[in-house]
Novice: 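Sending over a structure as structure tokens; questions will come in a sec.
All chains are named by letter (A, B, ...) in the order of the sequence lines, taking the proteins before the strands, and each is independently numbered beginning at 1.
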Amino acid sequence: MRYPFNEIESKWQNFWEEKKVYKTDLKNSESGKKLYTLVMFIYPSGAKLHIGHWYNYGPTDSWARFKRLQGFDVFEPIGYDAFGLPAENYAIKTGIHPYDSTMKNIDDIRHQLKKIGCMYDWDAELMTCAPEYYKWNQWIFLQMYKKGLAYRKNAPVNWCPNDQTVLANEQVHDGACERCGTQVIQKNLYQWFFKITDYAEELLEGHNQIKWPEETIIKQKNWIGKSEGAEISFKIDGSLSSIKVFTTRPDTIFGATYMVLAPEHPLVDEVTTSEHKAEVEAYREKVKTLTEIERTSTVKEKTGVFTGGFAINPASNKKIPIWIADYVLLTYGTGAIMAVPGQDERDWEFAEKFNLPIIRTVQPPPDFAGKAFLGDGPAINSGFLDGLNVSDAKKKIIKWLEENNLGKATITYRLRDWLISRQRYWGTPIPIIHCPECGELPIDENELPVVLPYDVDFKLGGESPLARNEKFINVKCPRCGREAKRDPDTMDTFVDSSWYHLRYLNPKISSAAFDEELAKKWMPVDMYVGGKEHAVMHLLYARFFHKFLRDIGMVNGNEPYSQLVHQGVITNEGAKMSKSRGNVVNPDEFTSRYGSDVFRMYLMFMGPYDQGGDWSDKGISGVDRFVQRTYDLFLQYKDLNKEVQSQNKYSIGSLNDSEKKVYRKLNQTLNKFNEEVEHFRFNTAIASLMELINELKNLNQCRKEIQLYVLERFSIMLAPLAPHLGEECWQLLGKEFSLFEKPLSFEVDKEALIEDEVNIAVQVNGKLRATLSVPLNSEQLDVKPVVFKDERVRKFTEGKTIIKEIFVKNKIYNIVVK
RNA sequence: GCCGAAGUGGCGGAAUUGGUAGACGCGCUGGACUCAAAAUCCAGUGGGGCUCACACCUCGUGCCGGUUCGAGUCCGGCCUUCGGUACCA
């Protein structure tokens, strides 16, 4: 009989839902049993759930179910990352309000999610666009504001001309807007920032406390970009001011033959002489018009102009010219450098082009043919540093700088503060009032939430849509009572996702952002699964939030996500699936034909979970056949449990040959299966089940209780991967209770893993010549005669001198001849 | 440029600490069942050679070299693909 997946899948989905099987009692969970499994929540766009969603959620749920069967109290929630640009852009195009489209999408998606058959706790569902949720974004903002971690400054920021909003550094990829691909431009604007840089060091340190993919940790490390070096002051010739530079190579200071300021550097006006003013101004104007890409392109030839001013090199006391050039960035270090062409490729290139002096201060090896020398060697032309290697010279010069009050050792990070304001409508309003008299004032916490108004002209116009809503924007100043204005911007949606895992624990709580007691019990998230595209965005921001919430006493522990797994990307004909490319594969096509268990199992069987791959439905029939055969098998043994009971363990000696074989295979499979699923290696876990079923052809030659022993365990292995089928098979055996209602797992009989006979490879000079079956743990002395009796071995050894014999127990016998 | 991941049959992919390369599945070939087809079941399936056949030989994990009794796995040097990053001083 063909497996009636439609009937069986809806049967179990209804059962699970009615019995609230997946409702986790967070409060009363015994200590040590809690297990918080989380997938990155879903963006509710108008597009349907695609294969990528299934690939993310299905296998993760299988892992969670596996853990649940093992007896853990598993909490697995799902929710909606409901604010954001796409809904708003859709509204501009169609006139459908973002709230309305989002609500409709959420309803559709919820329905589709249920079809996957995940064990989500639907009582914990949340959406970030609800005032009950975003109120707490505002509240956390105010807590940061109090600590000086939320602040407003005028700074050059990334502006996307298409989406008409600013973007965080993390959201600019290759100089383009992460969302729409438009080239971003630099603008000077007053914007809100979160001071993530205060946590730079701790964010690096915390990497030692989490089990994350190494490549993701490395990405974060690179993004944070810690550089150790020194800050050094250079006096401006003929002025009281001085220029501060940051360098990682203070040891090369004697070779600093000129200085470069970023064109926007505040001291440019002061150092520029009247003869050079026109040229400097022209250059600064030109730089302004460049896009980020043009300006930072490494292939571009270096440009710059002389300011006419000079500084004094504090080490050599020489006068050195001050230039401006756009290869020096205002936003890194101090926005100024001491140029050491002898030891820096960029400086060399610049010096060569503009005929500036080059002094080597590290002796390159005799065979060195290049220009700037970056390696280690003895210092030269460096006064009291001469002869020292790089690291000793660094120590000595830093000591000297500190003693002479000219500089000090410092650490600089590449990480910038997180720009969180957006000039868009569909987000969390920033809870600040601007009064012409009193300045910037935070909203009283009791007045929260600042509700996002529904009636807004959200068309793009270069300013925040909220600024055009008179009712929203105009308020009385809470301090002086005069006419004032609300902040017209909304928050980056990455604010929403920085703490949603805490809200899940009790999304209905109205007295606080989250239930602190539950958070202390249930955090950190034990297993977090999501795409690696969030490596330096969401995953960095959430860690920052967690550390802040810890510092204000709301959570324990240093890290929010103790273990992280990235699912791979499923492409179609090599390209990422997307609506705009029109290459999205619809899961319904397969679920309606094979059922959701087959589909989710096929996704797991395709290959390693973290690798993803190009979509192909070629192999799905293999998984379908496996499911059919499995179902047929259980039908043959229907109600077996009503006739017999199985023991927990059988002694091998008491079994007949067929039983022995089956019993061994079952336990080997169970052992392998547990190991593979534990580590998200579902493909090999499924392969082991297929091997098992291939081995069960002779199950009818076993006693009934052995049959039951095998099938009970088989259905329990099936259940995490194909939950509906697993439950059904379990029930077919005549079991009275549902597996997920009363979770159950079986121990491996370790004794059954051991075979009596093993095949060992016989090699001559490392080449395989024969394989022999010998008793387990045979010694070399016992194996040797058998080996040398073998014709195939004799063929290669006769008439030759045996030099050496290598024997590895249960593995190999290698004879070296000459 | 720098950082990271990966290259294994026709295809997706397996291979503990170096120890029988190709598990499992797809596809393909042959057979059974059928009036026929589908479905299902059974057998075979890396390339080449030799053989009536069983067997046997030989080559083979991106390329070149090395270590080792033995390398997909370790080391050195490349090539290709994909991600991240980009004048970060």
Side-chain angles (χ1 to χ4, degrees), chain A residues 2 173-175 213-219 221-223 225-227 229 245-249 252 260 262 292-293 295-300 302 325-329 331-340 343-347 349-350 412-416 532-533 535-536 568-569 571 574 602 605-608 610-611 613-623 625-626 628-629 632 675 681 683-694 697 759-772 791-792 795 803-817:
Chain A
R2 198 170 153 81
H173 295 166
D174 289 332
E214 199 51 39
E215 62 169 315
T216 304
I217 287 182
I218 289 170
K219 267 184 203 164
K221 283 204 160 114
N222 291 343
W223 189 263
K226 180 179 183 174
S227 297
V245 301
F246 172 74
T247 177
T248 54
R249 295 293 303 276
T252 63
V260 186
E292 185 72 5
I293 276 266
R295 177 160 172 186
T296 58
S297 162
T298 46
V299 290
K300 192 190 79 172
K302 299 245 173 317
D326 66 359
Y327 81 92
V328 174
L329 308 173
T331 46
Y332 182 77
T334 60
I337 61 162
M338 65 176 204
V340 189
Q343 274 74 229
D344 185 286
E345 285 168 342
R346 298 153 302 182
D347 296 346
E349 190 195 331
F350 194 82
T412 294
Y413 299 91
R414 203 191 82 113
L415 181 71
R416 311 289 158 81
K532 57 176 93 166
E533 66 274 17
V536 294
V569 179
T571 53
Y602 175 58
F605 186 60
M606 281 190 344
D610 55 357
Q611 249 167 58
D614 205 44
W615 171 252
S616 156
D617 58 8
K618 267 187 166 175
I620 195 166
S621 56
V623 174
R625 275 176 208 151
F626 168 73
Q628 296 303 331
R629 289 169 67 195
D632 285 341
E675 184 65 21
R681 294 190 294 253
N683 54 333
T684 45
I686 293 169
S688 73
L689 292 186
M690 288 172 166
E691 276 188 60
L692 176 63
I693 202 170
N694 289 343
K697 275 168 205 154
N759 283 330
I760 64 165
V762 181
Q763 300 182 336
V764 179
N765 287 345
K767 287 194 176 174
L768 180 73
R769 295 305 174 189
T771 57
L772 295 176
E791 226 181 283
R792 291 163 294 187
K795 205 164 122 189
I803 295 170
K804 201 171 170 186
E805 288 168 57
I806 295 119
F807 177 72
V808 182
K809 205 186 261 185
N810 302 326
K811 287 255 165 81
I812 205 156
Y813 199 112
N814 190 11
I815 304 156
V816 187
V817 298

Novice: It should be established whether A:Asn683 places a side-chain nitrogen or oxygen under 4.0 Å from OP1 or OP2 of nucleotide B:A14.
Specialist: yes

Novice: Is the phosphate of B:C69 approached by A:Lys804 (side-chain N or O, under 4.0 Å from OP1 or OP2)?
Specialist: yes

Novice: Over all strands shown, is A:Lys809 touching base, sugar-phosphate only, or nothing at heavy-atom distances under 4.0 angstrom?
Specialist: nothing

Novice: When we call it a touch if two heavy atoms are under 4.0 Å apart, what does A:Asn759 touch: a base, just sugar-phosphate, or nothing?
Specialist: base

Novice: Just how far, in rounded Å, is C1' of B:C11 from CD1 of A:Ile620?
Specialist: 16 Å

Novice: Are A:Val260 and A:Tyr327 side-chain neighbours, meaning at least one heavy-atom pair lies under 4.5 Å?
Specialist: yes

Novice: Over all strands shown, is A:Arg792 touching base, sugar-phosphate only, or nothing at heavy-atom distances under 4.0 angstrom?
Specialist: sugar-phosphate

Novice: For a quick check of understanding: with a heavy-atom distance under 4.0 Å over all strands, which category does A:Lys767 fall into, base, sugar-phosphate or nothing?
Specialist: sugar-phosphate

Novice: Tell me whether the side-chain N/O atoms of A:Lys697 come closer than 4.0 Å to OP1 or OP2 in B:C41.
Specialist: no

Novice: C1' atom, B:G4 versus B:C59: distance in rounded Å?
Specialist: 35 Å

Novice: Measure the distance from CZ on A:Phe626 to C1' on B:U40 and round it to the nearest whole Å.
Specialist: 17 Å

Novice: So, is A:Arg2 near the phosphate of B:A38, with a side-chain N or O under 4.0 Å from OP1 or OP2?
Specialist: no

Novice: NA contact type, A:Lys811, heavy-atom cut-off 4.0 Å: base, sugar-phosphate, or nothing?
Specialist: base

Novice: If each of A:Ser227 and A:Asn694 is mapped to the nucleotide of RNA chain B with the nearest heavy atom, which maps nearer the 5' terminus, i.e. the 5' end?
Specialist: A:Asn694

Novice: Once you apply a heavy-atom cut-off of 4.0 Å, does A:Ile218 come out as touching a base, just sugar-phosphate, or nothing?
Specialist: sugar-phosphate

Novice: Say you pick atom P in B:C57 and the same atom in B:C2; how far apart are they, in whole Å?
Specialist: 48 Å

